[in-house]
Amino acid sequence: MRDFEERQGGFSFGVLGVATLTTGEQVFIKAVGDDAAGVRDCRTETVVAAALPRTVPTPRLRFACELAGWLLLCFEITPGAQPHKPWWPDELSAALEALAVCARELTPSPIGGLPTLAERMAGRCETWRELERNGVRGAVTVDSMGGMGTRAPVPSRLRRSDVDGTGGR
């Protein structure tokens with residue numbers, strides 16, 4: 001390896017970045033300690049990435065290994081950039097097109113034996129369910145969240161459509 005440039009973003013704990021190899025080729029590297037909270041998700045990602053059909057628009061897994069307390073995944077580099085905030089129409093169109101291909105090619109899933117999304121997300125992302133259980137609907141305020149408001153700072157008014165991308169539609 002000749003160079004490594006760390007990258008921000010994503011949902012992984014650990015080290016993310018682009019490595020430039022001695023040949024000049026670039027690859028994307030993700031490395032997490034085998035004691036990290038997200039190592040199970042990274043192991044699942046390894047299995048899924050290796051099994052995805054070539055028709056799915058995703059960077060290909062070149063290899064994965066576990067060594068000296070680290071899980072390392074190496075992917076082909078994907079050209080592109082982070083979308084603007086808010087997304088520009090052409091960025092949104094490209095993302096929706098890629099999702100449509102994924103939906104078509106991955107339904108039903110060609111990869112068996114994996115946990116469902118509901119099983120993987122159990123205990124995470126429970127805010128909306130808890131609000132509904134407490135009878136909170138429509139606009140959410142800090143006051144209407146009760147004790148939940150102490151978990152993380154939230155804007156004074158928040159609608160589900162503000163975070164789920166529907167824009168209230």
Side-chain angles (χ1 to χ4, degrees), residues 1-21 24-32 36-42 44-46 48-62 64 71-107 109 111 116-118 120-121 123-132 136-142 144-145 148-149 151-169:
M1 183 171 74
R2 186 170 65 203
D3 190 33
F4 183 79
E5 182 182 327
E6 194 167 356
R7 297 287 168 95
Q8 301 300 313
F11 299 99
S12 298
F13 301 99
V15 179
L16 306 170
V18 175
T20 303
L21 307 179
E25 181 182 14
Q26 292 187 313
V27 293
F28 180 77
I29 300 291
K30 178 187 290 192
V32 295
V39 72
R40 187 180 66 199
D41 287 343
C42 284
T44 300
E45 180 180 2
T46 303
V48 171
L52 286 173
R54 299 296 270 166
T55 53
V56 175
T58 187
R60 301 291 157 217
L61 178 68
R62 295 188 55 171
L71 170 62
L72 182 127
L73 288 73
C74 177
F75 290 90
E76 293 176 350
I77 200 79
T78 302
Q82 293 287 334
H84 293 85
K85 293 182 183 177
W87 285 25
W88 292 358
D90 60 326
E91 294 169 336
L92 181 58
S93 293
L96 292 174
E97 185 177 318
L99 287 172
V101 171
C102 289
R104 183 178 65 247
E105 298 296 322
L106 299 173
T107 305
S109 176
I111 307 166
T116 66
L117 181 59
R120 287 190 62 223
M121 297 305 289
R124 307 181 201 176
C125 304
E126 294 290 323
T127 302
W128 295 115
R129 283 195 187 111
E130 191 169 334
L131 288 170
E132 286 181 336
V136 178
R137 294 198 173 25
V140 178
T141 65
V142 172
S144 69
M145 290 183 72
M148 292 177 58
R151 292 187 188 165
V154 295
S156 61
R157 262 181 95 68
L158 179 68
R159 293 186 183 279
R160 186 176 194 150
S161 60
D162 293 334
V163 293
D164 71 5
T166 64
R169 291 181 291 276

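FYI, side chains are in, hydrogens and waters are out, and symmetry mates aren't considered; it's all heavy atoms of this structure. Residue indices begin at 1 and follow the sequence shown.
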Novice: Can you tell me how far the CH2 atom of W88 sits from the OG atom of S93, to the nearest 0.5 Å?
Specialist: 14.0 Å
Novice: Looking only at atom types and distance, does a side-chain atom of E25 sit under 3.5 Å from a main-chain N or O of T20, one as donor and one as acceptor?
Specialist: no
Novice: Tell me the closest heavy-atom pair linking G14 and V32, and the distance in Å.
Specialist: CA-CG1, 4.2 Å
Novice: Can you spot which of L73, T78, I77 makes a side chain to side chain contact (heavy atoms under 4.5 Å, CB included) with F75?
Specialist: L73
Novice: Tell me, with the steps shown, if L61 and T46 meet side chain to side chain contact (heavy atoms under 4.5 Å, CB included).
Specialist: CA-CA 8 Å; L61 178 68; T46 303; 4.0 Å; yes
Novice: With a 4.5 Å limit on heavy-atom distance, are the side chains of V56 and V101 in contact?
Specialist: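 A side-chain contact under 4.5 Å is absent here.
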Novice: Is any NZ, NE, NH1 or NH2 atom of the basic residue among E45 and R40 found under 4.0 Å from an Asp or Glu carboxylate oxygen of the other?
Specialist: no
Novice: Output the distance between atom NZ (K85) and atom CD (E91), rounded to the nearest 0.5 Å.
Specialist: 11.5 Å
Novice: Distance check, rounded to the nearest 0.5 Å: L52 atom CG versus R60 atom CZ?
Specialist: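 Interatomic distance, L52 CG to R60 CZ, rounded to 0.5 Å: 6.5 Å.
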Novice: Flag yes if more than 12 heavy atoms outside E6 fall under 6.0 Å of its CD atom; otherwise flag no.
Specialist: yes
Novice: Is there a side-chain contact between L72 and I29 in this structure, where contact means two heavy atoms from C-beta onward sitting under 4.5 Å apart?
Specialist: yes
Novice: Are there more than 12 heavy atoms of other residues, nucleotides or ligands under 6.0 Å from atom CD of E76?
Specialist: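 Enclosed.
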Novice: Between E105 and C102 (side chain of the first, backbone of the second, donor and acceptor by atom type, cut-off under 3.5 Å), is there such a pair?
Specialist: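 No; judged by distance alone, with no hydrogens or angles, the pair does not exist.
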Novice: Check the pair V15 / K30 against side chain to side chain contact (heavy atoms under 4.5 Å, CB included), numbers first and verdict last.
Specialist: CA-CA 6 Å; V15 179; K30 178 187 290 192; over 6 Å; no
Novice: Between atom CG of L21 and atom CZ of F4, what is the distance when rounded to the nearest 0.5 Å?
Specialist: 11.5 Å
Novice: If you round to the nearest 0.5 Å, how far is CG of D90 from NE2 of H84?
Specialist: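 CG of D90 is found 9.0 Å from NE2 of H84.
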